**Student:** 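Let me begin by handing over the structure; questions about it come next.
Since the model is a prediction, treat every value here as computed from it, not as a measurement.
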Amino acid sequence: MEKTTIGVKSKNSNRDFIGGEIVFGLMFVTAVLLTALIPLEADAAYVRYIFAGLAVVFFVPLLLIVVAHVRFSKAPEIMLELVDETNLFNRCDNVMIRLKDVDDINVKTDKNKYGKPYSYGTLKLTVGSKVYVLKRISHPDDVKNALLECKERAERQS
């Protein structure tokens, strides 16, 4: 049997990372420029420290967003593959999972400010005492339904 792709990495979440990098990057650059370029008298030098503090406050979330974006971009494009009727391959953790051993499948999808769910979310597979978390997977509800169907077929075959 040929490998079948079940879950892929979301392309829409890439835009969220880029938007966050642009917003916090511009705020950081603005604070740095204000720190360096505002002409001040000697007795008002404390204003520079305020803008320097703001630059640090904006740099921390920028750094966290950039690290998350790099981790996301290094993740494999195909996250879950169905190898045969009874086995599933998790590319993120490089683990082969038997469908019979999957105890629970949880899906978490956040909503935007208008109440509409995003097209990506988090999928948690509980296998015995291990929990495999696949973040920013595209259409996690469809992936869950496909996994449940495959699990039913695998249990019927045995």
**Student:** In terms of hydrophobic clustering (I, L, V, M, F, W, Y; side-chain heavy atoms under 4.5 Å; direct or indirect links), are Val56 and Ile38 co-clustered?
**Tutor:**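 No.
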**Student:** When rounded to the nearest 0.5 angstrom, what distance separates CG in Asn87 from SG in Cys150?
**Tutor:**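 These two atoms lie 11.5 Å from each other.
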**Student:** Can you list, pair by pair, the side-chain donor-acceptor contacts under 3.5 Å of residues 23-36, counting residues two or more places apart and other chains?
**Tutor:**
from  : atom 1 : to    : atom 2 : distance (Å)
Thr30 : OG1    : Leu26 : O      : 2.7
Thr35 : OG1    : Ala31 : O      : 2.7
Thr35 : OG1    : Phe51 : O      : 3.4
Thr35 : OG1    : Ala52 : N      : 3.2

**Student:** Report yes or no: do Val47 and Leu54 belong to one cluster of Ile/Leu/Val/Met/Phe/Trp/Tyr joined by side chain heavy-atom distances under 4.5 Å?
**Tutor:**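 Per the 4.5 Å side-chain linkage, Val47 and Leu54 are co-clustered.
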**Student:** Taking only distance into account, with no hydrogens and no angle test, what donor-acceptor pairs under 3.5 Å do side-chain atoms of residues 115-133 form with protein atoms, sequence neighbours excluded?
**Tutor:**
from   : atom 1 : to    : atom 2 : distance (Å)
Ser119 : OG     : Asn12 : ND2    : 2.7
Tyr120 : OH     : Asp16 : OD2    : 2.0

**Student:** Mind checking side-chain hydrogen bond (donor to acceptor under 3.5 Å, both in side chains) for Thr86 and listing every partner two or more places apart, or none if nothing turns up?
**Tutor:**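 Here the qualifying residues are Asp84.
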**Student:** Please say yes or no: joined through hydrophobic side-chain contacts below 4.5 Å, possibly via intermediate residues, are Ile22 and Phe17 part of one cluster?
**Tutor:**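 Different clusters.
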**Student:** What distance do Arg136 atom CZ and Ser10 atom OG have between them, rounded to the nearest 0.5 Å?
**Tutor:**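 Taking CZ in Arg136 and OG in Ser10, the distance rounds to 8.0 Å.
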**Student:** Using side-chain hydrogen bond (donor to acceptor under 3.5 Å, both in side chains) as the criterion, list what pairs up with Asn14, not counting sequence neighbours.
**Tutor:**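 Checked Asn14 against side-chain hydrogen bond (donor to acceptor under 3.5 Å, both in side chains); matches are His69.
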**Student:** Calculate, to the nearest 0.5 Å, the distance between atoms CZ and NZ belonging to Arg156 and Lys151 respectively.
**Tutor:**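 Arg156 CZ to Lys151 NZ: 13.5 Å, rounded to 0.5 Å.
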**Student:** Could you tell me which non-hydrogen atom of Ile6 sits nearest to which non-hydrogen atom of Ala146, and how far apart they are?
**Tutor:**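 For Ile6 and Ala146, the tightest heavy-atom pair comes out as CG2-CB, 4.2 Å.
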**Student:** As an exercise, state the distance from OG1 of Thr109 to CG of Asp141, rounded to the nearest 0.5 Å.
**Tutor:**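 It comes to 5.0 Å.
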**Student:** What residue pairs, at least two apart or across chains, pass salt bridge (charged side-chain N to carboxylate O under 4.0 Å, His left out) with a residue in residues 49-77?
**Tutor:**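 The answer is Lys9-Glu77, Lys11-Glu77.
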**Student:** Residues two or more places apart in sequence or in another chain: which of them pass salt bridge (charged side-chain N to carboxylate O under 4.0 Å, His left out) with Asp101?
**Tutor:**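 Partners of Asp101 by the salt bridge (charged side-chain N to carboxylate O under 4.0 Å, His left out) criterion, ordered by chain and then number, come out as Arg98.
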**Student:** Would you say Ile137 ends up clustered with Leu148 if hydrophobic residues are merged whenever their side chains have heavy atoms under 4.5 Å apart, either directly or through other cluster members?
**Tutor:**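 The answer is yes; both residues are in one hydrophobic cluster.
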**Student:** Answer yes when Glu81 and Arg91 have at least one side-chain N-carboxylate O distance shorter than 4.0 Å, and no when they do not.
**Tutor:**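 Arg91 and Glu81: salt-bridged.
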**Student:** Atom CG of Leu88 and atom CG of Leu99: how far apart are they, to the nearest 0.5 Å?
**Tutor:**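 So the CG of Leu88 and the CG of Leu99 are separated by 5.5 Å.
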**Student:** Does one side chain, of Asn90 or Asp93, offer a donor that lies under 3.5 Å from an acceptor on the other?
**Tutor:**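 Asn90 vs Asp93: donor-acceptor pair found between side chains.
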**Student:** When rounded to the nearest 0.5 angstrom, what distance separates CG in Leu63 from CZ in Phe58?
**Tutor:**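 Output value for this atom pair is 15.5 Å.
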**Student:** When you group the ILVMFWY residues by side-chain heavy-atom contacts below 4.5 Å and let the links chain together, are Val60 and Val66 in the same group?
**Tutor:**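 Different clusters.
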